[in-house]
Number of protein chains: 2
Amino acid sequence: MLIGELARQTGCEVETIRYYEREGLLSAPQRSSSGYRRYTAEQLGELNFILHCRSLGMSLADIRNLAAFKADHDHDCEDINLLIDQQIAKVHQQVEALRLLEQQLLALRDKCHESHAAADCGILQTLVEAAEGAPCVCHTPFGQDNHGHSQDYDHTAKKNGRSNKDRP
Amino acid sequence: MLIGELARQTGCEVETIRYYEREGLLSAPQRSSSGYRRYTAEQLGELNFILHCRSLGMSLADIRNLAAFKADHDHDCEDINLLIDQQIAKVHQQVEALRLLEQQLLALRDKCHESHAAADCGILQTLVEAAEGAPCVCHTPFGQDNHGHSQDYDHTAKKNGRSNKDRP
DNA sequence: CTTGACCCTGTAGTGACTACAGGGTGTGCA
DNA sequence: TGCACACCCTGTAGTCACTACAGGGTCAAG
Ligand SMILES: [Zn+2]
Ligand SMILES: [Zn+2]
Ligand SMILES: [Zn+2]
Ligand SMILES: [Zn+2]
């Protein structure tokens, strides 16, 4: 099977397959005399495994780990569970963050109903005033006194909690 | 005000401020004789505006547009509403996609309860069998006959209805 | 013998930053 | 005066998971 056929069977693009090989996720296939990649059913399974994991939102690093666990049959599956649990936690946090975001955007959207000049637009006014330190519908949940607003939408929280001196 | 002070007041990192200037989001400040950037209260507001919009999940391109609308006072605010509505739609789609993802991960997690060898792990078995074409708990919602599974987790959907990488 | 579909490698681009390298500037203290 | 040290500058390259070429080679059909 050539790469184009594998791409057709998996729904994965040719360049992505080559990328996975470069990244060491997909084992390097045999080559024809002219250098064409020749795939077997085994590699079809390998690629489907990767695509399945990707569809569950796993990073390529996670998938590499998972593939290593898969190869090491006697290894305890505790690490697999940990990986899945971390993935669940990550996704859950993202859901929560995005739900909050949606509420904030809806509150902001509610500031403008009918068409008018930008200078009078409640949305723009809210954004400009918030930039000057005023409380805003989007980041002031419910009649909350909000001094020093600019520190409140903690954009550093998105990274990992604290920002300044963290080194990965 | 030098760049470090602006960073302290906004909670934005120095390199990010320079990045915003390079990207044309923040107007270029005056320079001291030695080339140091000197910021005024106006630019503090500009930066807070950007950070506020970023905290609402807007892209830098959206923020650039919004800033242009802000400058053009007589422009109709219809475009602003459109931008916000699109942002809401985008976030909503992400929430839905991630909620589905969470359910899929929980279903998969449910395949393993107690610690055992990787070879016997229900999670790994599910993933391997799914790669071979079998239906899987994560992508077969409810006793559904699922032939040709590999086409089902439509990885192309990520292009339009983006999955999880947007909000790290 | 040409057309066109397919294959190869290698490089560069995406978004929104982050992390240096390698240098210059300004202030306080002995 | 010398020096430490905090801060500033530019420019480049890295992150992640691809995607998009450029510029070439291979192969079967007509
Ligand atoms: Zn309006
Ligand atoms: Zn707000
Ligand atoms: Zn298990
Ligand atoms: Zn599945």
Side-chain angles (χ1 to χ4, degrees), chain A residues 1-26 28-39 47 50-51 53-65 87 90 94 155-160 162-168, chain B residues 1-26 28-39 47 50-51 53-65 87 90 94 155-160 162-168:
Chain A
M1 196 188 345
L2 297 182
I3 198 167
E5 180 59 22
L6 183 63
R8 231 164 282 123
Q9 283 192 35
T10 55
C12 180
E13 288 192 32
V14 166
E15 312 208 293
T16 305
I17 296 173
R18 286 198 280 250
Y19 171 70
Y20 288 158
E21 182 185 332
R22 260 199 319 279
E23 292 295 300
L25 280 141
L26 209 48
Q30 296 221 268
R31 299 292 186 118
S32 75
S33 56
S34 53
Y36 289 16
R37 290 172 178 82
R38 298 207 157 278
Y39 294 95
L47 180 53
I50 296 166
L51 294 175
C53 292
R54 283 295 296 136
S55 83
L56 291 169
M58 291 182 206
S59 67
L60 298 192
D62 283 348
I63 298 171
R64 238 186 309 260
N65 284 336
Q87 182 66 20
K90 205 177 76 185
Q94 283 176 10
H155 66 100
T156 60
K158 274 177 279 175
K159 291 168 198 160
N160 227 344
R162 295 296 305 158
S163 80
N164 228 346
K165 299 297 170 187
D166 275 18
R167 284 238 294 151
Chain B
M1 196 186 348
L2 296 182
I3 198 166
E5 179 60 22
L6 182 63
R8 232 164 281 122
Q9 284 193 32
T10 55
C12 180
E13 289 192 31
V14 166
E15 311 209 295
T16 305
I17 296 173
R18 286 198 279 248
Y19 171 70
Y20 287 158
E21 182 184 332
R22 260 200 318 280
E23 292 295 300
L25 280 142
L26 210 48
Q30 296 221 269
R31 299 290 186 120
S32 74
S33 56
S34 53
Y36 287 17
R37 290 172 178 81
R38 299 208 157 277
Y39 294 95
L47 180 53
I50 295 166
L51 294 175
C53 292
R54 282 295 296 137
S55 83
L56 291 169
M58 290 182 207
S59 67
L60 298 192
D62 283 348
I63 298 170
R64 238 187 307 261
N65 283 336
Q87 182 66 19
K90 205 177 77 184
Q94 283 175 11
H155 67 98
T156 59
K158 273 177 275 174
K159 288 170 196 163
N160 307 332
R162 320 269 288 266
S163 69
N164 65 332
K165 69 170 184 180
D166 286 34
R167 217 112 275 285

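Proteins get letters first, then strands, A, B, ... in listed order; numbering begins at 1 in each.
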Below 4.0 Å: OP1/OP2 of [N] and any side-chain N or O of [X]:
| X | N | value |
| --- | --- | --- |
| B:R22 | C:dC17 | no |
| A:R37 | C:dC7 | no |
| A:R18 | C:dT9 | no |
| A:T16 | D:dT19 | yes |
| B:R31 | D:dT10 | yes |
| A:Y20 | D:dA17 | no |
| A:S34 | D:dC27 | yes |

Contact nearer the 5' end of DNA chain D, comparing B:L2 with B:E15: B:L2

Would you mind telling me which residue lines up with the more 5' stretch of DNA chain D, B:I3 or A:S32, judged by nearest nucleotide? B:I3

Give the rounded distance in Å between these two atoms: [atom1] of [X] and [atom2] of [N].
| X | N | atom1 | atom2 | answer |
| --- | --- | --- | --- | --- |
| B:E21 | D:dG11 | CD | P | 12 Å |
| A:Q30 | C:dC8 | CD | P | 14 Å |
| B:R38 | D:dC8 | CZ | C1' | 11 Å |
| A:E5 | D:dC27 | CD | P | 18 Å |
| A:L60 | D:dT19 | CG | P | 12 Å |

d(B:R37 CZ, B:L2 CG) to nearest 0.5 Å is 11.0 Å

Pairwise distance CG(A:L26) to OH(A:Y39) - rounded to 0.5 angstrom: 6.0 Å

Which of these nucleotides, D:dC18, C:dA16, C:dT18, is closest to any side-chain atom of B:R54? C:dA16

For the side chain of B:Y36, starting at C-beta, report the closest nucleotide among D:dC18, D:dT10, C:dG24. C:dG24

Side chains of [X] and [Y] in contact at under 4.5 Å (non-hydrogen atoms):
| X | Y | answer |
| --- | --- | --- |
| A:E21 | A:P29 | yes |
| B:R64 | B:E23 | yes |
| A:R54 | A:L60 | yes |

